[in-house]
J.: 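Let me begin by handing over the structure; questions about it come next.
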Amino acid sequence: MPPPPSLEAILGAIETRLDTIQGLSVGDMVPAAINPPQAVVGVPEIGDYHTGVAALRTVLRPTITVLVSSAMTALGQHQLARYADLAGPQSIPALILADRTLGGVVSDCLVRSFRPLGLQDVGIVGYFGGVFTLSLNP
């Protein structure tokens, strides 16, 4: 049995999928300046290395944080809703569902939840945000 993919490879595969959404800026760290709409792929919490990583990383839960402009409240909220929707060209759940192996990097991946963050300040600028939690088996 081949070794499981590295966390870096998994996060890169998620970013590659997100890069297919037209107009969405994607990264693996919060940049000094946000270019909305911006998606940041977060390193998953590993609560127990003996069941999470050493035991073939049975389940990992990386996050995707999306920040959109709050310059016009209705437009920002609607844009965030399009990313959280179950279908459509900007839907993150549909994007992951369309390739649950993330290009063959993992055995299975799903978007489990979306939590709106409301208005978030990054520096002196406000953004509407939300966090998607994924569940994957390497």
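As a basis for the values below, the full set of heavy atoms in this structure was taken, side chains included, without hydrogen atoms, waters or symmetry mates. All residue numbers in this chain count up from 1 along the given sequence.
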J.: Taking all non-hydrogen atoms of both residues into account, name the closest pair between Pro44 and Pro62 and its distance.
T.: CB-N, 3.5 Å
J.: Same cluster or not: are Ile14 and Val131 linked, directly or through other Ile, Leu, Val, Met, Phe, Trp or Tyr residues, by side-chain heavy atoms under 4.5 angstrom apart?
T.: no
J.: Any side-chain heavy-atom pair from Thr16 and Val105 closer than 4.5 angstrom?
T.: no
J.: Do you know which two heavy atoms are closest between Pro93 and Asp85, and how far apart they sit?
T.: CD-O, 3.5 Å
J.: Taking atom CG of Leu24 and atom CG of Leu95, what is their separation to the nearest 0.5 Å?
T.: 9.5 Å
J.: Decide yes or no on side-chain contact (heavy atoms from CB on, under 4.5 Å) for Leu134 and Leu60, but give the supporting numbers first.
T.: CA-CA 8 Å; Leu134 283 60; Leu60 293 175; over 6 Å; no
J.: So which atom in Ser70 and which in Gly126 form the shortest heavy-atom distance, rounded to 0.1 Å?
T.: OG-O, 2.6 Å
J.: Let me confirm one number: the CG-OH distance from Leu119 to Tyr127, rounded to the nearest 0.5 Å.
T.: 11.0 Å
J.: Side-chain heavy atoms nearer than 4.5 Å, only ILVMFWY residues, links allowed to pass through others: does that put Val66 and Leu97 together?
T.: no
J.: Listed by chain and number, what are the side chain to side chain contact (heavy atoms under 4.5 Å, CB included) partners of Gln79, not counting sequence neighbours?
T.: Pro37, Val68, Arg82, Tyr83
J.: Working to the nearest 0.5 angstrom, can you tell me the gap between Ile92 CD1 and Ile21 CD1?
T.: 4.5 Å
J.: Rounded to the nearest 0.5 Å, how far does OG1 of Thr133 lie from CZ of Arg61?
T.: 9.0 Å
J.: What pairs with Thr101 under side-chain hydrogen bond (donor to acceptor under 3.5 Å, both in side chains), at least two apart in sequence or on another chain?
T.: Asp99
J.: For a side-chain contact (heavy atoms from CB on, under 4.5 Å) check, start with the C-alpha distance between Val59 and Leu136, then their side-chain angles and the critical distance, and finish with the verdict.
T.: CA-CA 6 Å; Val59 176; Leu136 63 85; over 6 Å; no
J.: Can you tell me how far CZ of Phe132 sits from OG1 of Thr65, rounded to the nearest 0.5 angstrom?
T.: 9.5 Å
J.: Could you tabulate the donor-acceptor pairs under 3.5 Å formed by side-chain atoms of residues 108-115, not counting sequence neighbours?
T.:
{"unit_1": "Asp108", "atom_1": "OD1", "unit_2": "Arg100", "atom_2": "NE", "d": "2.8"}
{"unit_1": "Asp108", "atom_1": "OD1", "unit_2": "Arg100", "atom_2": "NH2", "d": "2.9"}
{"unit_1": "Asp108", "atom_1": "OD2", "unit_2": "Arg100", "atom_2": "NH2", "d": "2.9"}

J.: Ala94 and Ser91: which non-hydrogen atoms are nearest, and at how many Å?
T.: N-OG, 3.0 Å
J.: Carefully, step by step, assess Leu102 and Arg17 under the rule side-chain contact (heavy atoms from CB on, under 4.5 Å).
T.: CA-CA 7 Å; Leu102 303 175; Arg17 290 297 297 148; 3.8 Å; yes
J.: Tell me whether Ser107 contacts the main-chain N or O of Asn137 through its side chain, where contact means a donor paired with an acceptor under 3.5 Å.
T.: yes
J.: Of the non-hydrogen atoms in Ser69 and Pro36, which two are nearest, and what is the gap between them?
T.: N-CB, 3.7 Å
J.: Looking only at non-hydrogen atoms, find the nearest pair between Val41 and Glu15 and report the distance.
T.: CG2-CG, 3.6 Å
